[in-house]
Amino acid sequence: MKKLMIAATALLMLGGLAQAATVRVATEGAYPPWNYIDDATGKPAGFEIDLAAELCKRAGVECEVVTNAWDSIIPNLVAGNYDAIMAGMSITDERKQTIDFTQNYYPPDPSVYMVRKGTALDFAAISGKNIGVQGGTIQAGYVKENFGAANTVKEYDTADNALADLNAGNVDAILADGGYVRDIIAGSNGALEIIGPDVKIGGGVGVGLRKGDAELGGKLNAAIDAMKKDGSLDALIIKWFPDMAPGPIFAGN
Amino acid sequence: MLDLLPEPLKAWLGPDVTFWLGYFTNGKHIAFFVSVHYTVLAALLGAACALVFGLMGAALWTSRNPWLRWPGAVYVNMVRGVPDVLFFLFFPLAFEQAMEWMRASAVCTPEAAAERAGQWPPCPDANIFFSTYEYLALACVSLGIVYGAFAANVIAGAMRSVPRGQLEAARAFGLSARQVLWRVHLPQMWIYALPGLSNVWMLIIKATSLLSLLQIADIVQLANRLGAPNFSRSAGLVHGDWRWGYYLVLLVFYIGLTFVSERVFAALTRRASRGMAIEGAAR
């Protein structure tokens, strides 16, 4: 038994050495157009997968995209199952206590409310309603704090499941990132719409890193800087988010 | 996948049928079909582990030596009382951290460890990353430990059910205690254990739906993901909530698995009951 344990440890060590060269980037694979599983190939695709490929090329590192459920994506980064998170994750002070972020690669984008067409909600005095959010998101924190007392907040493991319940009439509204909601609304054939005020939360989307991983952070920050300056980041954002307001996003700042 | 079909066949099927054939054989769905092997592997290897743990647990529990009997009793009675989900989460995590702890004591320099005081793993070099198949192996062992306790209970009961006369007769013929155990007691035990073990097997099949907890994209998780409504143009076909359809497919799959298992257990029972003086079994 003891020999077996030593052999197993040795194998794992060898495995660890072989893996040290590649940077593993975790994504959720369920938040289009940021990241989703492509129909044709069955592999992750989306804005962040394209961006990760470009950033890694510029930073001169070998990258591999892995998928991980949203609710355990930060714990598994901290535990070292992968080295970076690119999953539409907004930069917040709360998350910064646990992990580090690079500068943002997607600008602060107000969250919006999505409802079935024709639903009227009075956001000044909303009560007795069901509001859906993906659990562990900035929207979940916002809705619980502001509407939690008078309404029911339903938290879902994926954005897809929240959307399914909105469709089925089990929730009255969903609060989510503007970029995601606009993509969904455009594809919903008029079944869904945006109402109410914009909710300005989050400091843009950045790459999540383990605390103190300055080496990888420095490389990625330099690559993001370069992509912002030469306009290639703007081009990539407009390619994946055609409903975004026109105009320069990062270029020229 | 659709490109493999000859043109005339496609023309005969019409655009609608070819579209759906293409959709249900695209990369996403192929991944779904392939993921069945995780479930089948987990069930088979989990059952093999459960049988090993069950035999060991039963051997300990039925032992005359109290130092062996007590650990056996603790295993059988405590593990049966712990929800399988909890064990599924606990065991792989504890195993990973134990391995990291062992590796840290070998590879971490005191300076590196001091720098990361209070964090896990103690130093970056000690970190271990498990691949999907390593998680699958851990899942099988977890299933084996949890359902091994049930199997141990069944096997211990079956051992007691073997008529004492058979064992006494074997001793009277001059067989040693060990020979009685291996040649008479264990072979005759199976016929009493099989109905209970088939129950445990069914429980293991159902528990394989927990695989997604270990980041293994198994059929249950993929069915949930594929069936979820998609309104995003970039993510492929726009469709509403189709989860019930995918769940229905899973339902049929699990019933099919149960049906096959029942046939296999019936055959095993027939084999185990050969020459046994048990009412209704020696047909």
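Note that the coordinates shown come from a computational prediction; the quantities given were computed from them, not determined experimentally. Throughout, a chain's letter reflects where its sequence line sits, starting with A, and its residues are numbered from 1. No hydrogens, no waters, no symmetry mates; every other heavy atom, side chains included, goes into these values.
- Heavy-atom distances place both the backbone and the side chain of A:A164 under 4.5 Å from chain B.
- Side chains of A:L209 and A:L220 form a contact here, defined as non-hydrogen atoms less than 4.5 Å apart.
- Using a 4.5 Å cut-off on side-chain heavy atoms (C-beta onward), A:V66 and B:Q215 make no contact.
- The contact between A:N76 and chain B is made entirely by side chain atoms (from C-beta outward), counting heavy-atom distances below 4.5 Å.
- Both the backbone and the side chain of B:L237 come within less than 4.5 Å of a heavy atom of chain A.
- Annotation: side chain of A:R95 is in contact with side chain of A:M89 (closest heavy-atom distance under 4.5 Å).
- Residues passing the side-chain hydrogen bond (donor to acceptor under 3.5 Å, both in side chains) test with A:N221: none are found, sequence neighbours excluded.
- Side-chain contact of A:E48 with A:N35: a donor-acceptor pair under 3.5 Å is present, judged by distance alone.
- Considering only heavy atoms from C-beta on, A:I249 comes within 4.5 Å of A:P107 through its side chain.
- For A:Y106 and A:W34, the ring centers are positioned less than 6.0 Å apart.
- Within the 4.5 angstrom heavy-atom criterion, no atom of A:I185 approaches chain B.
- Residue contact with chain B, scored on non-hydrogen atoms closer than 4.5 Å, involves the side chain of A:N167 exclusively.
- Of residues 171-184 of chain A, those residues lying under 4.5 Å from chain B by any heavy-atom pair are A:D183, A:I184.
- Under the 4.5 Å side-chain criterion, counting only non-hydrogen atoms from C-beta, B:T39 is in contact with B:Y254.
- Using modelled atom types and a 3.5 Å distance limit, the side chains of A:E64 and A:Y82 yield no donor-acceptor pair.
- Listed by chain and residue number, nothing satisfies the side-chain hydrogen bond (donor to acceptor under 3.5 Å, both in side chains) test with B:Y23 (two or more places apart in sequence, or in another chain).
- A:C63 pairs with A:C56 as a disulfide, the SG atoms being under 2.5 Å apart.
- Using a 4.5 Å cut-off between heavy atoms, B:E96 contacts chain A through its side chain alone, with no backbone atom that close.
- Taking the six-membered ring for Trp, A:F47 and A:F241 have ring centres closer than 6.0 Å.
- Contact of the A:L166 side chain with the A:R116 side chain is registered, since non-hydrogen atoms from C-beta on lie closer than 4.5 Å.
- Of the two parts of A:T41, only the backbone, made up of N, CA, C and O, holds a non-hydrogen atom closer than 4.5 Å to a non-hydrogen atom of chain B.
- Side chain to side chain, A:Y36 and B:N230 fail the donor-acceptor criterion of an N or O pair below 3.5 Å.
- Of the residues considered (A:I37, A:N68, A:D38), A:N68 shows the highest number of contacts with chain B, using heavy-atom pairs under 4.5 Å.
- For residues 154-163 of chain A, the interface with chain B (any heavy-atom pair closer than 4.5 Å) comprises A:D160, A:N161, A:L163, sorted by residue number.
- Among the candidates A:A45, A:P33, A:A79, the residue making the largest number of heavy-atom pairs closer than 4.5 Å to chain B is A:A79.
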